[in-house]
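Order of listing sets the numbers, starting from 1, for every ligand and every atom in it. No hydrogens, no waters, no symmetry mates; every other heavy atom, side chains included, goes into these values.
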Amino acid sequence: MISKDLQNALNDQINAELWSAYLYLSMSLDAESKTLNGIARWFFVQWMEEQDHARIFQKYMSERGAKVELKPIATVPKEWKNPLEMFKDALDHEVEVTAMIYDLVKMAASEGDFTTLSRLQWFIDEQVEEEKSAADIVTELERAGKDYSTIRDIDATLGQREYKKAGPLA
Ligand SMILES: [Fe+2]
């Protein structure tokens with residue numbers, strides 16, 4: 001059984017994952033409106049991945065007999081000055097998500113809920129990837145500065161991103 005406290009915390013995490021999805025969809029739409037179609041594609045894949053994250057938690061809770069509660073999703077920013085600002089925000093956000101996952105880990109550990117800990121391990125590993133990919137793109141964009149043709153090249157590379165269903169759902 002999942003404790004009431006952990007059930008509440010997991011429901012909050014589902015909401016955070018869906019908020020992340022919304023944030024990345026907003027970034028995708030902003031990029032699309034500025035004809036940065038590769039960046040738009042990259043964030044569109046990100047939006048799908050975040051929905052997978054929410055789904056992993058939902059499935060896990062159902063399997064353990066815990067009640068999933070869908071809460072309202074707060075509004076997200078809708079415009080960014082440039083791609084660098086967008087990816088810096090994405091990186092900051094992922095660092096926050098990592099901290100949230102760690103808090104869940106601490107709670108599950110303190111309750112001796114080893115099953116939840118096992119599920120959270122996938123998210124701990126996933127966050128390493130999430131932070132690294134955003135940080136790498138921030139570095140590339142900082143290097144590009146205002147050089148439009150380099151930004152175009154980065155945009156084209158990011159547009160090659162393919163969606164792959166998250167491991168626990170595959
Ligand atoms: Fe996520």
So, for F57 and F123, is the gap between ring centers shorter than 6.0 Å?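 Ring centroids of F57 and F123 are less than 6.0 Å from each other.
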Under 6.0 Å between ring centres, would you say that holds for W122 and Y60?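 Between Y60 and W122, which both carry aromatic rings, the centre distance is not below 6.0 Å.
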Under 2.8 Å from the Fe ion (ligand 1), is there any N, O or S atom belonging to E126?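 Coordinating: no.
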Is there an N/O/S atom in E50 at a distance below 2.8 Å from the Fe ion (ligand 1)?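 An N, O or S atom of E50 is closer than 2.8 Å to the Fe ion (ligand 1), so yes.
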Report the atom name of the nearest N/O/S atom of E17 relative to the Fe ion (ligand 1).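 For E17, the N/O/S atom sitting closest to the Fe ion (ligand 1) is OE1.
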H53: which N/O/S atom is nearest the Fe ion (ligand 1)?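 Among the N, O or S atoms of H53, the one closest to the Fe ion (ligand 1) is ND1.
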Distance alone, cut at 3.5 Å: any donor-acceptor contact between the side chains of H93 and S20?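 Yes - a donor-acceptor pair under 3.5 Å links their side chains.
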Checking salt bridge (Lys or Arg N to Asp or Glu O under 4.0 Å) for the pair K88/D92: CA distance, chi angles, key distance, verdict? CA-CA 6 Å; K88 274 184 175 170; D92 288 349; over 6 Å; no
